[in-house]
Amino acid sequence: MEPFTPLLALGDPFPRGVVPYLIGGLLVGLGASVVYLSTGIIAGASTFLESTLSYVSNVDRFNRFKYRQSRGWRLVFTAGIVSGAALWAFVLAPDPGIWTTRVEWWRLLGGGFLVGVGTRLGKGCTSGHGVCGVGSLSNTSLVNVATFMTFAIGTAQIVQALGVSP
């Protein structure tokens, strides 16, 4: 184990330059805006997942009327997110190798589980609170995003300072 080095992760916040992050952010914001302006629904990915679970679950939570009524287009929207990423990764990316990771599968699974728990506790995810909620100046979303970011930065600092690497 490497010695503890505080604030180790405060290196370059844009290691691939600003442009890819700017373009990605603009496209996410555009997509969320189109959904909100055309339907009045906040484009939160966690809600999209919940509505999709109505296809395979009898749990009341996943079978609310608004979920069942809109699950078709939500599924298409989610498929668009996944297929857009796949199109970029396999066809358009200048270096397809940047989409691979050396992180073990169990760490990705554990991280995904913790993100899911945080999403439930925060009653939404970063796309719902971070893109739509902050954009509409929702106090709840501002607090949630500040909490998400604080824990994410803190976790990254601790993990990296402890010498955990992929």
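Starting from 1, each residue takes its place in the sequence as its number.
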For the atom pair [atom1] ([X]) and [atom2] ([Y]), what is the distance rounded to the nearest 0.5 Å?
| X | Y | atom1 | atom2 | answer |
| --- | --- | --- | --- | --- |
| L137 | L142 | CG | CG | 6.5 Å |
| S141 | K123 | OG | NZ | 12.5 Å |
| F62 | R68 | CZ | CZ | 13.0 Å |

Identify the heavy atoms of [X] and [Y] that sit nearest to each other, and give their distance.
| X | Y | value |
| --- | --- | --- |
| G124 | F148 | O-CZ, 3.7 Å |
| T119 | S46 | CG2-CB, 3.3 Å |
| V35 | T39 | O-OG1, 2.5 Å |
| A32 | V131 | CB-CG1, 3.6 Å |

Side-chain heavy atoms under 4.5 angstrom apart, residues restricted to Ile, Leu, Val, Met, Phe, Trp, Tyr: same cluster for [X] and [Y]?
| X | Y | answer |
| --- | --- | --- |
| V91 | W88 | yes |
| Y36 | V34 | no |
| V28 | I81 | no |
| Y21 | V18 | yes |
| L53 | V59 | yes |

Would you say the side-chain atoms of [X] pair up with the backbone N or O of [Y], donor to acceptor, closer than 3.5 Å?
| X | Y | value |
| --- | --- | --- |
| N144 | G122 | yes |
| R64 | R61 | yes |
| S83 | A79 | yes |
| S136 | C132 | yes |

> Step by step, would you call E50 with K66 a salt bridge (charged side-chain N to carboxylate O under 4.0 Å, His left out)?
Replying inline: CA-CA 11 Å; E50 281 186 270; K66 70 176 184 178; over 6 Å; no
> Would you find more than 12 non-hydrogen atoms of other residues, nucleotides or ligands less than 6.0 Å from Y55 atom OH?
Replying inline: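 Atom OH in Y55 is packed in, count exceeds 12.
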> Got a sec: does the CZ of F77 have more than 12 other heavy atoms crowding it under 6.0 Å?
Replying inline: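 Atom CZ in F77 is crowded, with more than 12 foreign heavy atoms closer than 6.0 Å.
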Less than 4.5 Å apart, any side-chain heavy atom of [X] and any of [Y]?
| X | Y | answer |
| --- | --- | --- |
| T140 | H129 | yes |
| F151 | T147 | yes |
| W73 | F48 | yes |
| V159 | T155 | yes |

> Strictly by modelled atom types, are R71 and S54 linked by a side-chain donor-acceptor pair under 3.5 Å?
Replying inline: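 Per modelled atom types, R71 and S54 side chains form a pair under 3.5 Å.
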